[in-house]
Amino acid sequence: MASETQDMLARIAAAADLPALEAERVAALGKQGAITQLLKTLGAMTPEQRQVEGPRIHALREQVSDAIAARKAALEAAVLEKRLATETVDMTLPVSPGPQGSVHPVSQVMDELAEIFADLGFSVATGPEIEDDWHNFTALNIPETHPARAMHDTFYFPQKGELDPGFAEGAMRHLLRTHTSPVQIRTMQARQPPLYIIAPGRVYRSDSDATHTPMFHQIEGLVIDRGIHMGHLKWTLETFLKAFFERDDIVLRLRPSYFPFTEPSAEVDVGYSWEKGRRVVGGADGWMEVLGSGMVHPNVIRACGLDPDEWQGFAFGTGVDRLAMLKYGMDDLRAFFDGDLRWLRHYGFSAFDVPTLSGGVGG
Ligand code: DAH
């Protein structure tokens with residue numbers, strides 16, 4: 001028995017890998033294993049024999065179990081060592097592959113705008129895309145009967161009696177905001193002037209062709225302070241457009257216009273010139289409209305609970321997609337929202353291309 005035990009322990013100690021060790025375990029401690037068989041002989045012994053053999057066989061079983069556990073730990077440690085040795089990382093290799101995907105031009109332009117206006121002391125404000133009638137129209141001096149409402153091709157939510165039987169009696173009518181101008185109202189209501197904000201975001205109108213999509217992006221600007229006049233507006237727009245288009249030869253033309261929420265109102269044209277058969281911003285071969293703007297109407301200031309004799313301001317609004325098209329030379333707005341990977345690879349920006357004024361907002 002003693003030499004059999006020595007053999008068993010020697011085989012366990014020499015097991016080359018975990019499967020070999022498992023085979024040894026089964027041979028010793030499995031149902032038919034040598035030690036299990038020995039344990040079974042205890043039943044047939046006299047009490048005196050058992051008193052001698054019992055502790056001996058149990059000690060033997062313990063010795064074998066300990067030997068198996070020790071060998072198992074050693075083999076597992078060896079496996080781990082080997083894995084660690086093969087999984088080293090060569091820190092001197094170049095990082096590859098490069099980053100996947102790209103930043104959409106709309107996101108890029110919004111980041112550029114935020115960067116430019118942050119430098120002028122403006123912060124970014126937001127508002128909901130599902131708006132109510134009052135914020136989108138009434139508070140902006142567009143009463144119910146105003147013809148400007150018809151111009152907006154608004155997506156309205158159903159009212160009581162239409163599709164939505166749960167619509168609360170007397171509740172305000174909801175809609176998808178048709179412009180970012182309601183953020184002016186929400187900001188004036190939520191915060192005390194002076195206010196210097198921009199509000200980029202999605203807007204919705206029921207309209208679709210090469211230059212219109214049912215969802216598009218606008219950016220709103222609002223300044224409310226004391227003693228603000230149109231000179232401040234013109235300087236701000238000029239500074240912004242020069243930084244955005246990265247040219248000093250930007251010429252602006254303010255054309256008298258009409259918006260219900262500003263008085264006086266001006267449409268802003270920017271001079272363009274021809275370069276390789278393309279219209280590019282800068283120079284003065286012709287004019288194209290880029291912005292709507294004006295001095296915030298006293299009715300709007302009053303609707304937000306402020307005194308228009310104390311607070312004045314200017315506002316402006318423009319299409320972010322349109323700015324992107326002008327700057328980066330795309331000509332079909334619908335391609336912005338097709339999700340075509342070839343288009344995104346061509347016009348997209350690297351995620352590392354973060355616009356900064358020092359590094360250039362050009363992308
Ligand atoms: N909300 C206008 C639109 O969607 C754009 C606009 C024009 C915004 C003049 C303004 C503004 O803040 O002063 O067409």
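For clarity, every value in this text was computed on a predicted model and none was experimentally measured. Numbering of ligands and ligand atoms starts at 1, following listing order. Positions are given from 1 along the sequence.
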(message) On a heavy-atom basis, which atom in Val64 and which in Ala28 lie closest, and how many Å separate them?
(response) CG1-CB, 3.9 Å
(request) May I ask which of Ser181, Gly221, Gly294, Gly292 has a heavy atom nearer to atom 9 (C) of ligand 1 than the others do? (result) Gly292
(message) For ligand 1 and Ala315, I'd like to know whether there is a polar contact (N/O to N/O, distance under 3.5 Å).
(response) yes
(request) Indicate the ring-plane relationship of Tyr328 and Phe349, choosing parallel, tilted or perpendicular according to the 30° and 60° boundaries. (result) perpendicular
(message) I'd like to check whether Arg205 has a polar contact with ligand 1, where a contact means an N/O of the residue lying under 3.5 Å from an N/O of the ligand.
(response) yes
(request) Considering only NZ, NE, NH1 and NH2 on the basic side and carboxylate oxygens on the acidic side, decide whether Asp332 and Arg334 come within less than 4.0 Å. (result) yes
(message) Quick check: Thr178 and ligand 1, any N/O pair under 3.5 Å apart?
(response) no
(message) Show the atoms of ligand 1 that are less than 4.0 angstrom away from any heavy atom in Gln218.
(response) 3 (C), 4 (O)
(message) The test is salt bridge (Lys or Arg N to Asp or Glu O under 4.0 Å); show your working for Arg25 and Glu22 and say whether it passes.
(response) CA-CA 5 Å; Arg25 188 191 66 78; Glu22 175 62 9; 2.9 Å; yes
(message) To check your reading of the model: name the closest protein heavy atom to atom 12 (O) of ligand 1, its residue, and the distance in Å.
(response) Glu220 OE2, 2.6 Å
(request) Using a strict 4.0 Å cut-off to heavy atoms of Thr262, name the atoms of ligand 1 that fall inside it. (result) 13 (O)
(request) Any atoms of ligand 1 less than 4.0 Å from a non-hydrogen atom of Gln184? List them with their elements. (result) 12 (O)
(message) Quick check on Phe261 - does any of its heavy atoms sit under 4.0 Å from an atom of ligand 1?
(response) yes
(request) Using the rule that two of Ile, Leu, Val, Met, Phe, Trp, Tyr join whenever any of their side-chain heavy atoms come within less than 4.5 Å, decide whether Val203 and Leu222 are in one cluster. (result) no
(request) Would you mind running through ligand 1 and noting each atom that sits below 4.0 Å from a heavy atom of Phe316? (result) 8 (C), 10 (C), 11 (C), 12 (O), 13 (O)
(request) Begin with the C-alpha distance, continue with both residues' side-chain angles, and end with the deciding distance and a verdict on salt bridge (Lys or Arg N to Asp or Glu O under 4.0 Å) for Arg255 and Asp269. (result) CA-CA 7 Å; Arg255 226 171 349 96; Asp269 297 337; 2.7 Å; yes
(request) Under the side chain to side chain contact (heavy atoms under 4.5 Å, CB included) rule, what do Trp311 and Ile228 come out as? Steps first, then yes or no, please. (result) CA-CA 8 Å; Trp311 301 105; Ile228 296 293; over 6 Å; no
(message) One residue to check: His297. Relative to ligand 1, which of side chain, backbone, both or neither has a non-hydrogen atom less than 4.0 Å away?
(response) neither
(message) Could you tell me if Arg202 sits above the aromatic ring of Phe216, with its cationic atom closer than 6.0 Å to the ring centre and no more than 45 degrees from the axis?
(response) no
